[in-house]
Amino acid sequence: MTPISEPPRRHATMQLQTVRSNIVQAIRAYRVDDLMQAAGSAGQHFLYANLSAAQSKQEVLEAIAAAFLFPAHFGKNLDALYDCMTDLVHKAGTQPGFVVVLEQIPDNPRFDREAREQLLDVFRDAADFWGERRIPFRCFYSFQ
């Protein structure tokens, strides 16, 4: 009897090639591990924040700052988040690209739809910033 082989699995780097550069989108069918491998294979930064314990804007910003290893002087507001995702990194030298995952963004009265959209707008603006510099920036997110 001939063993049944598994269908070939798409190579992780193929995922990045199928996702438009400089975009913020729901994670949907992508797996975090595959995105991490894809970023590594492409030589890009992989930034991951699990926000499942966060309930408020302050907690979300603190969790992102800790996960992304922002400097101690991070102001913990949306403007400071944008500055850290763009200007601070840009000044650090040539960048290869970014794959960002924001997992389990809160969905509750303390972090409502408007707060979620404001947070994602920061990452959309960062995607535009890096796009103007021809640096790939892909951000994937999910909600609680």
Could you tell me if the side chain of [Y] sits less than 4.5 Å from the side chain of [X], heavy atoms only?
{"X": "P106", "Y": "S56", "value": "no"}
{"X": "E117", "Y": "R124", "value": "yes"}
{"X": "V100", "Y": "F123", "value": "yes"}
{"X": "L47", "Y": "M85", "value": "yes"}
{"X": "V24", "Y": "D121", "value": "no"}
{"X": "V19", "Y": "Y30", "value": "yes"}
{"X": "L78", "Y": "Q118", "value": "yes"}
{"X": "V60", "Y": "I64", "value": "yes"}

[X] side-chain N/O to [Y] backbone N/O, donor-acceptor pair under 3.5 Å:
{"X": "N22", "Y": "A127", "result": "yes"}
{"X": "S142", "Y": "I27", "result": "no"}
{"X": "E103", "Y": "V101", "result": "no"}
{"X": "Q144", "Y": "L51", "result": "yes"}

Note to self: For F111, does the six-membered ring have the charged nitrogen or CZ of R116 within the cation-pi criterion, i.e. under 6.0 angstrom from the centroid and within 45° of the normal?
What the structure shows: no
Would you compute the distance between atom [atom1] of [X] and atom [atom2] of [Y] and round it to the nearest 0.5 angstrom?
{"X": "E59", "Y": "K76", "atom1": "CD", "atom2": "NZ", "answer": "12.0 Å"}
{"X": "L119", "Y": "L102", "atom1": "CG", "atom2": "CG", "answer": "6.0 Å"}
{"X": "Q104", "Y": "N50", "atom1": "CD", "atom2": "CG", "answer": "6.5 Å"}
{"X": "C139", "Y": "L120", "atom1": "SG", "atom2": "CG", "answer": "6.5 Å"}
{"X": "C84", "Y": "H73", "atom1": "SG", "atom2": "NE2", "answer": "6.0 Å"}
{"X": "D128", "Y": "T86", "atom1": "CG", "atom2": "OG1", "answer": "11.5 Å"}

Where is the tightest heavy-atom contact between [X] and [Y], given as atom of each residue plus distance?
{"X": "A65", "Y": "F74", "answer": "CB-CD2, 3.4 Å"}
{"X": "Q55", "Y": "R110", "answer": "O-CB, 3.3 Å"}
{"X": "F98", "Y": "I135", "answer": "CE1-CG2, 4.0 Å"}
{"X": "Q44", "Y": "P136", "answer": "NE2-CG, 3.6 Å"}

Next item on the list: For the residue pair Y48 and F46, categorise the inter-ring angle as parallel (less than 30°), tilted (30 to 60°) or perpendicular (more than 60°).
Entry: parallel
Notebook entry, point to check: According to the interplanar angle, ranging from 0 to 90°, do the rings of Y82 and F129 count as parallel (below 30°), tilted (30 to 60°) or perpendicular (above 60°)?
Noted result: perpendicular
